[in-house]
Amino acid sequence: MLDIRLLRENPELVAEGLRRRGLAAPLELFLELDARRRSLLTEAEALRNRRNTVSEEIARLKRAGREAEDLIEEMRGVSRRIKELDEAIQAVEERLAQEMLVLPNLPHPSVPDGSGEEDNLVVRVWGEARSLAFEPRPHWEVAERLGIIDFERGAKVAGARFVFYRGAGAKLERALINFMLDLHTEKHGYTEVFPPFLVNSGAMLGTGQLPKFAGDMFHVSGTDYYLIPTAEVPVTNLYREEILDGDRLPIYHVAYSACFRAEAGAAGRDTRGLIRQHQFNKVELVKFARPEESYEELEKMTRDAEEVLQLLGLPYRVVLLCAGDLGFASAKTYDLEVWFPAAGTYREISSCSNCEDFQARRANIRFRPGPKEKPRYVHTLNGSGVAVGRTVAAILENYQQEDGSVVIPPALRPYMGGLEAIRPE
RNA sequence: GGAGAGAUGGCCGAGUUGGUUGAAGGCGCUCGACUCGAAAUCGAGUAGGCGGCUGACGAGGUCGCCUCGUGGGUUCGAAUCCCACUCUCUCCGCCA
């Protein structure tokens, strides 16, 4: 959520940020609601002040055994008026919140202009996007020939965009999760958490999935539970409604979770393979940082995610998203895109974002800079470190051999019981 | 799922015949005094939010309002009375 004060005092700045995202927001409405709210509040407070003073007077009179009926009669009217004003205030505040909650975050000045993917900026490339000596097969063919992923039975038992991993495939998925968690906890200093996979609507509101993107998620009918689309949701909400000790910052968390996405509106896109599933695994990085350090932390977090791909020997590039391609809550995002030789393209495998205080304001996550100082909102960051299913897909395509086998990246072998390659049965 | 108990400030813990209790007391913490220094002792301070005025939309100052799990009700007035909900604990049942 944006700061209403920023909107009040600097509407042009907000309008400019929204325009860069390709949005025209009717800011006059906000200003009008805000002004109305404050004028009602002032009136109600003046009346409350009157009531409080007179109530003391009444108490004094009663103690002295005197009558106070005329004052009580006056206060009856005052209380009635206060109630009316409170109702009006509540209505205005609800309206204002409703409008504020659907406004996205403003892009950071370092974010380039642009309206979509094609305007994103490649900031660096790692590894060689090599073409293989033979005609590479897409990862789902590699997987099916090895019998390690069962797409058909996934569809039978659950539906389209669900799979069973089997044998070495299941083990590969599990090995990657452990490999990533170990790297981030042991080398990069993150503290592991294992979060709930279902959260309530308050948490979804905090990170920005609700109210605007309800259709992208699975909702357990008859309850207030939603299946998490990413561990970012429970982990960022860990410290909701808390004031953190400034000495603890920055806080680094890493979490494995299954992720569930309805993929509404994605009909026909990536229908084959592991790229776009309703359920997938992900290792997620989340940071809570002081505002003045958050952009430095974003760079470090991106490097931490990159190291996963480097150790696995997967060629990738880092892309800075343009203003028009930014996610709802993000002020600045780097995507990591990994090379897929069969498709001949780079595909997103990680997304690292600084949400600044946008989520912190919604979820009310603050920190005390020093003793006696006022609490301030933290900056929240999140990044995939990295998407596991897509990593499996990338390994299958990049490490496939002409005979149909797949070499296990050396860094992963300790997690695969020393296995050097997956071969057809 | 059934029965009961409870939810107060960073923590512990008073306060329920409604009226200087935003909140006693203790602990913790901060600052000061004492000390060569520390401990002990003494003194002062120690929640958050919102708004008005002042000031530059800053810092600061000042006035006021709200918050004793959450929401609603009764009342001139509610931490205190009533209702609903949430969460925690204990016992029973069930279960990985």
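Here, B:A14 and B:A24 have their P atoms 14 Å apart, quoted to the whole Å. Taking atom P on both nucleotides, B:A39 is separated from B:C29 by 10 Å, rounded to a whole Å. As rounded to the nearest Å, B:G48 and B:A23 have P atoms that lie 14 Å from one another. A gap of 33 Å separates the C1' atoms of B:U90 and B:U74, to the nearest Å. B:U70 and B:U8 have their P atoms separated by 10 Å, with the value rounded to a whole Å. Going from the P atom of B:U67 to that of B:G72 covers 11 Å, rounded to whole Å. Using atom C1' as the reference point in both B:C81 and B:G15, the two lie 16 Å apart (nearest Å). Comparing B:G1 with B:G64, their P atoms sit 49 Å apart, to the nearest whole Å.
Listed by chain and residue number, A:I243, A:P375 satisfy the side chain to side chain contact (heavy atoms under 4.5 Å, CB included) test with A:R368 (two or more places apart in sequence, or in another chain).
Between A:S79 and the phosphate of B:G77, there is a side-chain N or O to OP1/OP2 separation shorter than 4.0 Å. For B:G77, one of the phosphate oxygens OP1 or OP2 lies less than 4.0 angstrom from a side-chain nitrogen or oxygen of A:R51. For A:K83, a side-chain nitrogen or oxygen approaches OP1 or OP2 of B:G73 to under 4.0 Å.
Side-chain atoms of A:R50 do not come within 3.5 Å of backbone N or O of A:V78 as any donor-acceptor pair. Panel note: side chain A:T207, backbone A:A203; a donor-acceptor pair is recorded below 3.5 Å. In this structure a side-chain-to-backbone donor-acceptor pair under 3.5 Å is present from A:D3 to A:R5.
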Under 3.5 Å between N/O atoms: give me all the protein pairs with nucleotides 49-54 of chain B, atom names plus distance.
| from | atom 1 | to | atom 2 | distance (Å) |
| --- | --- | --- | --- | --- |
| B:G49 | OP1 | A:R366 | NH1 | 3.2 |
| B:C50 | O2' | A:R37 | NH2 | 3.1 |
| B:G52 | OP1 | A:R38 | NH1 | 3.2 |

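Less than 4.0 Å separates RNA chain B from no heavy atom of any residue of residues 97-108 of chain A.
For A:H379 and A:F358, the distance between ring centers is not under 6.0 angstrom.
Residue contacts for A:R50: at a heavy-atom cut-off of 4.0 Å it reaches no nucleic acid atom on any strand shown. Across all strands, A:N52 comes closer than 4.0 Å only to sugar-phosphate atoms, never to a base (heavy-atom distances).
Taking only side-chain atoms of A:Q90, from C-beta outward, the nucleotide of B:G72, B:G19, B:C76 with the closest atom is B:G72.
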